[in-house]
Structures are given as structure tokens and as C-alpha cells.
2 protein chains.
Amino acid sequence: MQETTAKEPFLAVLRELAQAYHAFSAYSAAHVRQLGLTPAQFDVIATLGNTQGMPLSQLAQKTLITKGTLTGIIDRLEEKGLVRREVPVGDRRSFLAVLTPAGEALFAQVFPAHIDYLKRAFTEGDEGELEQVRRTLRGLRGRFQD
Amino acid sequence: MQETTAKEPFLAVLRELAQAYHAFSAYSAAHVRQLGLTPAQFDVIATLGNTQGMPLSQLAQKTLITKGTLTGIIDRLEEKGLVRREVPVGDRRSFLAVLTPAGEALFAQVFPAHIDYLKRAFTEGDEGELEQVRRTLRGLRGRFQD
DNA sequence: TATTGTTATACTCTATAACTATA
DNA sequence: TATAGTTATAGAGTATAACAATA
């Protein structure tokens with residue numbers, strides 16, 4: 001996926017996709033780590049924010065983290081006192097992952113700050129253009145998973 | 001980066017970027033692992049293919065892998081007999097990473113197959129569209145690193 | 001039997017920084 | 001001093017499969 005050739009335009013697209021994602025990741029992670037969280041941990045906090053909690057299965061779906069890995073991430077967030085497991089009524093096979101008060105406080109404090117940080121990369125007011133970019137990416141994703 | 005709000009269209013874009021990349025990664029990695037390589041190892045093999053080898057520093061740049069990690073990856077590829085380190089004339093601080101004959105054979109065998117595999121996601125003949133997608137991604141990347 | 005999540009194993013990759021050898 | 005790469009440390013994510021509890 002390294003050499004861009006005129007013969008394989010789709011390779012150039014994939015390389016750009018990887019590089020765009022990498023650039024975004026590095027940009028975002030630099031900020032997240034200052035908060036003492038890994039990107040995956042931040043993702044979980046951000047996903048649980050403003051919810052009543054959700055089953056680990058649903059959390060795994062939303063964060064794109066596999067269930068085995070998620071167990072470890074939730075463990076570490078529990079150690080930090082940011083998340084707790086709650087047994088939902090009606091199905092004792094599962095747990096809800098829920099933000100603790102400390103987790104909610106952290107979310108309220110750092111999530112908007114992170115959004116602002118990300119937003120700095122989008123200074124110009126290109127509204128309709130963003131919608132077009134979003135559609136383009138949606139289409140690209142669809143090629144690999146539909 | 002989970003909830004898409006009309007108020008923050010750029011968040012929707014970033015979420016799509018993450019999901020598009022994730023979908024592509026999963027699609028590609030499923031094939032790569034069948035070859036007994038990790039995605040990072042495949043990336044190195046693919047980058048070294050059809051070259052005379054290159055300094056680890058350059059390889060790190062191209063693959064987006066940091067130099068510390070690259071040391072370990074090259075070590076494992078050396079153990080597999082696919083890559084060797086070569087001391088270039090004129091600068092004994094560095095090494096060239098070079099495919100061994102076995103590495104070249106593997107490259108010749110699996111690289112085109114992988115390209116074909118990836119290509120299956122791009123069945124329609126949308127030539128000019130791909131160029132547009134590439135430009136869109138290039139622009140998105142630029143927001144985070146320029 | 002199927003589902004949810006945990007555990008175990010064994011690797012692989014990551015970031016960071018200190019370190020060695022060479023330039 | 002600066003550069004190329006290695007090493008050390010510590011943590012985090014991956015795949016896979018077996019497992020327990022519940023449905």
C-alpha cells in the first residue's frame with residue numbers, strides 16, 4: 001500500500017486514508033494523553049458520557065473495541081474510579097458500564113475541551129463541504145463492510 | 001467522538017474517518033494474517049518490495065512506524081528470514097533494511113494477491129471519483145499535520 | 001443451545017527516554 | 001553537537017479459545 005501508481009488509483013486512496021487517519025490519531029492522542037488516559041480509555045469515557053450506561057456488548061460495538069480488550073479497559077477505568085459495572089435487571093449475564101460521579105466530572109471537564117481542541121483543525125467555516133467529506137468517507141467505509 | 005450532532009459537523013467527519021479506516025484495516029488485516037504476517041510486518045515487506053532496500057529511518061517515515069517499534073518488527077522479520085540488515089558504505093551509524101531472496105519471493109507472491117483482494121472492494125469503474133476521494137482525504141490529513 | 005462476559009496464553013505494537021556509536 | 005538505531009520500561013491492544021453463568 002506504499003507506492004502510488006497511476007495504474008491503481010484505489011491504492012492511492014487507501015494510502016491517503018491511512019495517512020489521514022494516522023494524522024488525526026496522532027493529533028487527538030497527543031491531547032488525550034495529557035489527561036492521563038489512553039485513546040481507548042478516552043473513547044469509552046466519551047461514549048458513556050451523557051448516557052445511563054450501556055451493556056459492554058453495545059459499548060464494544062460503538063467503540064470498535066473487541067470484547068476481550070474491553071474487559072481490560074473497563075478494569076483499568078474501574079481502578080481509576082471512573083467507571084463501574086452495574087448488573088441490569090432482567091439479564092444477569094451482562095453488565096452495564098456506567099460512569100461514576102468522578103467519571104462524569106471528568107467527562108464534563110475534558111470532553112468539551114477535547115472537542116475544542118479537535119475543532120482547531122477546522123477553522124474555516126466550510127459547512128456544506130464537511131457534509132460532502134462525511135458522505136465520501138461513508139461511501140468508502142461501505143466498500144469494506146457492507 | 002461518538003455522538004453526531006448537527007451542531008458539530010466536523011465530529012461526524014472524524015467519526016466517519018475512524019470508521020472508514022477501521023473497516024479498511026479489518027478487511028485488509030484479515031487477509032494479511034492468513035499469510036502469517038502482522039499488518040505492520042506486511043507494511044514493511046510491501047514497502048521494501050521492488051527497492052534496493054532503504055535506511056530504517058526512511059522505512060519508518062514511509063510506514064508511519066516509530067523507530068523504536070521498527071527495531072522490533074525488523075528483528076522478527078529477520079528471524080523469519082525475510083529481511084536482513086545491511087551496513088551501507090559511507091555511514092556506519094545506519095542500516096539498510098533489505099529483503100532477502102525469501103522476502104522477495106514472498107513479496108512477489110503475496111503483494112499482487114493482496115492488491116487484488118483490496119481491489120475487490122472497488123469493483124465499479126469509478127476512476128475520476130477515486131481521484132476526488134483521494135483529494136478529499138489529502139485535505140483532511142492536511143488539517144492535522146500541516 | 002445460545003449469549004455475555006471473563007480468563008488465559010502468547011504476541012505485537014506503542015510511547016518515551018536514555019544510551020551507544022558514528023558523523 | 002547531531003544523527004541512526006538500540007534498549008529499557010511500562011502499558012496497551014490483538015487473536016484465539018476455553019470457560020462460567022445465565023437465558
Side-chain angles (χ1 to χ4, degrees), chain A residues 18 21-45 53-80 82-98, chain B residues 18 21-22 25-45 53-80 82-98:
Chain A
Y21 179 75
H22 187 269
F24 156 65
S25 271
Y27 180 84
S28 175
H31 186 241
V32 163
R33 288 185 194 282
Q34 290 175 357
L35 311 169
L37 297 174
T38 65
Q41 289 170 0
F42 180 84
D43 216 7
V44 167
I45 299 284
M54 65 185 72
L56 297 198
S57 52
Q58 188 182 340
L59 189 55
Q61 261 190 331
K62 290 214 177 201
T63 57
L64 305 174
I65 297 169
T66 54
K67 64 179 184 177
T69 302
L70 196 55
T71 293
I73 293 171
I74 298 291
D75 286 350
R76 276 165 237 129
L77 288 173
E78 268 195 325
E79 282 166 25
K80 295 186 188 195
L82 299 173
V83 167
R84 63 189 163 79
R85 288 172 164 93
E86 186 174 291
V87 180
V89 288
D91 190 342
R92 282 177 300 171
R93 285 177 307 184
S94 65
F95 291 105
L96 298 182
V98 187
Chain B
Y21 179 75
H22 187 270
S25 272
Y27 180 83
S28 176
H31 187 240
V32 162
R33 287 186 196 283
Q34 289 175 356
L35 311 170
L37 297 173
T38 66
Q41 289 170 0
F42 180 84
D43 216 7
V44 166
I45 299 285
M54 65 185 72
L56 297 199
S57 52
Q58 188 181 341
L59 188 55
Q61 263 191 329
K62 290 213 178 202
T63 56
L64 305 174
I65 296 169
T66 55
K67 63 182 184 176
T69 303
L70 195 55
T71 294
I73 293 170
I74 298 291
D75 287 348
R76 275 164 237 127
L77 288 173
E78 267 194 325
E79 282 166 25
K80 294 184 188 196
L82 299 173
V83 167
R84 63 189 163 78
R85 286 171 164 94
E86 188 174 289
V87 180
V89 287
D91 190 343
R92 283 178 298 170
R93 286 177 306 185
S94 67
F95 291 106
L96 296 182
V98 188

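Worth saying up front: this structure is predicted, and the values here are computed from it rather than measured.
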**Student:** Which nucleotide sits closest to the side chain of Arg76(A): dG5(C), dT12(C), dG13(D)?
**Tutor:** dG13(D)
**Student:** Round to a whole Å and report the spacing from CD of Gln61(A) to C1' of dT3(C).
**Tutor:** 14 Å
**Student:** Using modelled atom types only, decide if a donor and an acceptor are shared between the side chain of Glu78(B) and the backbone of Arg85(B) within a distance under 3.5 Å.
**Tutor:** yes
**Student:** Rounding to a whole Å, what distance do you find between Leu70(B):CG and dT7(D):P?
**Tutor:** 13 Å
**Student:** Using a 4.0 Å heavy-atom cut-off, does Ala29(B) contact any base of the nucleic acid, only the sugar-phosphate backbone, or nothing at all?
**Tutor:** nothing
**Student:** In whole Å, what is the span from the CZ atom of Phe95(B) to the C1' atom of dT20(C)?
**Tutor:** 12 Å
**Student:** Starting at CD of Gln61(A), measure out to CG of Leu70(A) and round the result to the nearest 0.5 Å.
**Tutor:** 11.5 Å
**Student:** Just how far, in rounded Å, is C1' of dA15(D) from CD of Gln41(B)?
**Tutor:** 14 Å
**Student:** Looking at dG5(D), I'd like to know if its phosphate oxygens (OP1 or OP2) sit under 4.0 Å from a side-chain N or O belonging to Ser57(B).
**Tutor:** yes
**Student:** Working to the nearest 0.5 angstrom, can you tell me the gap between Ile45(A) CD1 and Thr63(A) OG1?
**Tutor:** 12.0 Å
**Student:** What's the CG-C1' distance between Leu96(A) and dT4(C), to the nearest Å?
**Tutor:** 12 Å
**Student:** From the list dC13(C), dG5(C), dT6(D), which nucleotide is the closest neighbour of the side chain of Leu56(B)?
**Tutor:** dT6(D)
**Student:** By the 4.0 Å heavy-atom rule, please label Ile73(B) as base, sugar-phosphate, or nothing.
**Tutor:** sugar-phosphate
**Student:** Report the nucleotide, chosen from dG5(C), dA23(D), dA23(C), that has the shortest atom-to-atom distance to any side-chain atom of Asp91(A).
**Tutor:** dA23(D)
**Student:** Should Ile73(B) and Gln41(B) count as side-chain neighbours, where that means a heavy-atom distance under 4.5 Å?
**Tutor:** yes
**Student:** Quick check on dA23(C): is either OP1 or OP2 less than 4.0 Å from any side-chain nitrogen or oxygen of Arg92(B)?
**Tutor:** yes
**Student:** Among the candidates dT14(D), dA12(D), dG5(C), find the nucleotide nearest to the side-chain atoms of Ser94(A).
**Tutor:** dG5(C)
**Student:** In terms of the nearest nucleotide of DNA chain D, which residue is placed more toward the 5' end: Lys67(A) or Arg93(A)?
**Tutor:** Lys67(A)
**Student:** Please classify the nucleic acid contact of Thr69(B) as base, sugar-phosphate, or nothing, using heavy-atom distances under 4.0 Å.
**Tutor:** base
**Student:** Cut-off 3.5 Å, side chains only: do Ser28(B) and Ser25(B) have a donor facing an acceptor?
**Tutor:** no
**Student:** In whole angstrom, give the distance that lies between atom CZ of Phe42(A) and atom P of dA15(C).
**Tutor:** 18 Å
**Student:** For Arg33(A) and dA10(D), give me the distance from atom CZ to atom C1', rounded to whole Å.
**Tutor:** 12 Å
**Student:** When all nucleic acid strands are considered with a 4.0 Å heavy-atom cut-off, which category describes Thr71(B): base, sugar-phosphate, or nothing?
**Tutor:** base
**Student:** Roughly how many Å is it from CG in Leu37(B) to P in dA15(D), rounded to a whole number?
**Tutor:** 16 Å
